[in-house]
Amino acid sequence: MTTPHMSRTRVAICCGSGGVGKTTISAALALKWALAGQRVAVLTIDPARRLADSLSIGQIGNTAVRVPIEQLSPQTTGHLDAMMLDAKATFDDLVRRFATSDSAASRILANRYYQFASTRLGGSHEYMAMERLYDLWHNGDYDVVVLDTPPTRNALDFLRAPDRMASLMDEGVLRWLVMPASRSGWRALELGSEVLSRVLKKVMGRGTVSEIAEFFEIFRDLWDGFHARSVEVRSLLRDPMTTFLLVSSPAPAARADALYFLDQLAQKQLPFGGFVVNRTLTPPLPRLDPAVLPAKGPLPPERWDQVLDTIRQARTLRQRLAKAHAEAIAQLRKAGPQQAPCWLVPEQAHDLHDLGGLATITQSLPSLPDIHGQT
Ligand SMILES: Nc1ncnc2c1ncn2[C@@H]1O[C@H](COP(=O)(O)OP(=O)(O)OP(=O)(O)O)[C@@H](O)[C@H]1O
Ligand SMILES: [Mg+2]
């Protein structure tokens with residue numbers, strides 16, 4: 001069993017609705033802090049490959065992959081590791097850690113019901129994300145861990161995961177494992193009902209029932225360890241070194257999601273570090289920069305007029321969008337807590353799919369001291 005532990009590792013969790021740029025912002029924050037000399041890990045629980053792509057690295061999984069940030073700054077003393085949650089491997093590690101013996105661990109890992117539970121049960125993925133985060137926080141290899149979450153709906157599941165896991169452990173793993181339709185049947189099995197066990201063996205086959213029974217028998221030994229762990233994971237989320245950043249965009253739906261999420265943080269007394277409003281547009285420059293105009297030479301005069309007209313319309317549209325964005329940002333600030341920090345990340349002309357691209361937005365993002373201690 002683990003003992004409660006104080007860590008110096010800071011944690012920044014990026015949440016927000018789908019497509020607002022959580023992965024991009026997580027990667028850019030991690031990059032910024034690593035370039036500032038910190039030892040940084042960025043963990044994604046999104047199975048999409050976006051994080052690996054934007055960091056210009058190949059395969060990533062549970063094991064850390066070093067991001068070549070020296071390409072951007074050869075003198076840097078910090079480093080950046082990226083990883084993607086492998087829920088099954090994380091669950092297996094936990095079983096090995098809490099099993100009373102190697103043979104008990106091997107038996108449970110080989111058990112088919114364990115294999116089902118560890119990969120397909122609702123909430124197990126989110127719980128393992130928290131577990132992985134806890135591990136990175138706990139082992140002290142990093143100054144800061146940045147967590148990229150899936151879209152809001154799942155991110156909320158993810159916040160609930162440690163509570164859910166702790167109460168499941170309290171109630172007994174049985175309820176958690178077993179589908180509602182057959183819950184009472186399995187409970188009876190756990191309690192050792194001979195009659196029911198005989199019936200089930202007839203219906204499902206002796207092997208199946210024995211495996212389920214074996215699962216409960218071995219898993220019972222792990223409960224204490226799992227329970228203690230889920231309580232610690234809960235405390236990590238409320239630690240003063242942890243900060244939730246709400247990533248949003250100027251779009252009304254994203255703003256509504258960010259505010260909903262803010263409400264959830266407040267209800268759960270989790271530390272809010274500020275808003276990051278991504279993809280904001282600023283008004284065009286007051287004068288047209290001649291450098292952006294195409295060469296007039298070969299164009300007939302009427303075509304040239306059309307070109308100028310199109311440019312003028314684009315400028316007007318941009319003006320309007322920038323105004324709408326400024327209003328949306330003002331509304332978000334007003335709805336959020338007073339003095340809540342708000343970082344604005346401009347819309348870039350190109351997708352941010354490599355280190356160089358990410359580096360273009362780092363200056364708009366908070367430095368570590370900016371978010372540290374905001375609770
Ligand atoms: N400031 C920006 N300027 C231009 N493009 C951006 C900006 N921020 C993000 N993008 C682009 O938007 C797309 C979505 O970004 P990203 O994958 O980071 O969003 P997400 O919130 O993680 O999405 P999901 O909810 O699906 O995980 C990507 O193609 C990314 O390159
Ligand atoms: Mg993402």
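Whatever order the structure lists ligands and atoms in, that order sets their numbers, starting from 1.
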Kindly confirm or rule out an N or O of [X] lying under 3.5 angstrom from an N or O of ligand 1.
| X | answer |
| --- | --- |
| Q348 | yes |
| I25 | no |
| I361 | no |
| V20 | yes |
| G21 | yes |
| T23 | yes |

- Item | Matching residue for D143 among R10, R39, R8 - test: salt bridge (Lys or Arg N to Asp or Glu O under 4.0 Å) | R39

- How would you list, by chain and number, every residue that makes a salt bridge (charged side-chain N to carboxylate O under 4.0 Å, His left out) with D53, sequence neighbours excluded? R49

- Note on the structure: Contacts of R312 meeting salt bridge (charged side-chain N to carboxylate O under 4.0 Å, His left out) (sequence neighbours excluded), chain-then-number -> D309

Ligand 1-proximal atoms of [X], by part, heavy-atom distance under 4.0 Å:
| X | value |
| --- | --- |
| P346 | backbone |
| R50 | side chain |
| V247 | neither |

- Query: Sub-3.5 Å donor-acceptor pair from the side chain of R132 to the main-chain atoms of N62, do we have one?
  - Reply: yes

- Strictly by modelled atom types, are D370 and S367 linked by a side-chain donor-acceptor pair under 3.5 Å? yes

- Message: Can you see whether R303 engages Q306 through a side-chain donor-acceptor pair at a distance of less than 3.5 angstrom?
- Response: yes

- Task: Any side chain to side chain donor-acceptor pair (under 3.5 Å) involving residues 321-336? Give me the pairs, sequence neighbours left out, ordered by first then second residue.
- Result: R255-Q331

- Query: Which of the numbered atoms in ligand 1 are below 4.0 angstrom from a heavy atom of E347?
  - Reply: 3 (N), 4 (C)

- For ligand 1, which atoms, with element, lie under 4.0 Å from some heavy atom of G18? 25 (O)

- Do NZ/NE/NH1/NH2 and the carboxylate oxygens of K22 and D148 come within less than 4.0 Å? no

- Query: Charged N to carboxylate O below 4.0 Å: is that the case for D92 and K88?
  - Reply: yes

- Query: Excluding waters, how many protein N/O/S atoms sit closer than 2.8 Å to the Mg ion (ligand 2)?
  - Reply: 1

Would you call [X] and [Y] a side-chain contact if the rule is heavy atoms closer than 4.5 Å?
| X | Y | answer |
| --- | --- | --- |
| V277 | V247 | no |
| V145 | L133 | yes |
| L368 | Q38 | yes |

- Query: Which option, T149, I45, D351, T280, owns the non-hydrogen atom nearest atom 29 (O) of ligand 1?
  - Reply: D351

